[in-house]
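Just so you know, residue 1 is the first one in the sequence shown, and it goes up from there. In what follows, every heavy atom counts, from backbone to side chain, and hydrogens, waters and symmetry copies are set aside.
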Amino acid sequence: QVQLMESGGGLVQAGGSLRLSCAASGSNFGINTMGWYRQAPVAQRELVANINRGGNTNYADSVKGRFTISRDSAKYTAALQMNSLKPEDTAVYYCNVMRLGTTYWGQGTQVTVSS
């Protein structure tokens, strides 16, 4: 089992920045992809960004150029730097980890961007 601890959400004005962090603990051996999804009210959960063990990244078109994902594979942590935030970025952000064919989710952290 993998446990995920998220931190860094909050309230910010449009144009501001936030940094989300995710730390994996437990059975970390074999973790491949780490990433972030988000879910706004009355919307489906969507991929924001992810990064695999090789450092290859994948971003949603809506966040390209504004968000940057990074990871420390030795410490099993991942971070999402979010710049130039927009009101439409408001959502609950979930850390996501894939390990040996199993997907794990964090509890979520709220990000609210005011206009």
Side-chain angles (χ1 to χ4, degrees):
Q1 292 292 322
V2 177
Q3 293 79 44
L4 301 175
M5 178 70 73
E6 300 148 331
S7 61
L11 172 65
V12 65
Q13 289 188 333
S17 299
L18 283 174
R19 184 178 178 86
L20 304 182
S21 297
C22 176
S25 61
S27 301
N28 290 335
F29 177 79
I31 287 178
N32 184 7
T33 303
M34 300 185 74
W36 295 89
Y37 283 69
R38 67 186 181 187
Q39 188 167 17
V42 298
Q44 290 188 332
R45 193 171 295 189
E46 62 176 1
L47 173 69
V48 177
N50 61 25
I51 181 169
N52 66 15
R53 278 185 298 188
N56 297 307
T57 58
N58 185 33
Y59 293 93
D61 288 342
S62 59
V63 306
K64 285 181 180 177
R66 300 188 297 124
F67 292 10
T68 302
I69 190 169
S70 60
R71 71 185 281 173
D72 184 333
S73 294
K75 297 180 180 179
Y76 300 104
T77 60
L80 184 69
Q81 178 66 42
M82 305 186 293
N83 298 328
S84 302
L85 282 160
K86 303 175 181 180
E88 50 264 45
D89 294 319
T90 294
V92 178
Y93 284 69
Y94 296 90
C95 180
N96 169 278
V97 163
M98 297 185 67
R99 173 186 178 270
L100 302 178
T102 300
T103 299
Y104 298 88
W105 295 95
Q107 292 188 332
T109 184
Q110 178 69 46
V111 171
T112 303
V113 185
S114 63
S115 57

Would you sort out whether Gln39 and Tyr94 count as a side chain to side chain contact (heavy atoms under 4.5 Å, CB included), showing the intermediate values?
CA-CA 8 Å; Gln39 188 167 17; Tyr94 296 90; 4.2 Å; yes

For Ser7, enumerate each residue passing the side-chain contact (heavy atoms from CB on, under 4.5 Å) test, keeping only those at least two apart in sequence or located in another chain.
Ser21

Determine yes or no for a side-chain-to-main-chain donor-acceptor pair under 3.5 angstrom, with Thr57 supplying the side chain and Ile51 the backbone.
no

About how many Å separate CD of Gln3 and OG of Ser27, when rounded to the nearest 0.5 Å?
7.5 Å

Nearest-0.5 Å distance that lies between atom CH2 in Trp36 and atom CG in Leu20:
4.5 Å

Over 60° means perpendicular and under 30° means parallel, so classify the ring planes of Tyr37 and Trp105, tilted if in between.
perpendicular

Reported SG-to-CD distance for the pair Cys22 and Glu6, which is rounded to 0.5 angstrom
5.5 Å

Just by modelled atom types, is the Phe29 backbone N or O under 3.5 Å from a matching donor or acceptor in the Arg99 side chain?
yes

Distance check, rounded to the nearest 0.5 Å: Gln13 atom CD versus Ser115 atom OG?
9.5 Å

Can you list the residues that meet the side-chain contact (heavy atoms from CB on, under 4.5 Å) rule with Ser17, with sequence neighbours excluded?
Gln81, Asn83

Ignoring hydrogens and geometry, is there a side-chain-to-backbone donor-acceptor pair from Tyr59 to Ile69 under 3.5 Å?
yes

Could I get the full list of side-chain contact (heavy atoms from CB on, under 4.5 Å) partners for Arg53, not counting sequence neighbours?
Asn32, Arg71

Would Gln110 and Thr90 count as a side chain to side chain contact (heavy atoms under 4.5 Å, CB included) here? Give the steps.
CA-CA 8 Å; Gln110 178 69 46; Thr90 294; 4.0 Å; yes

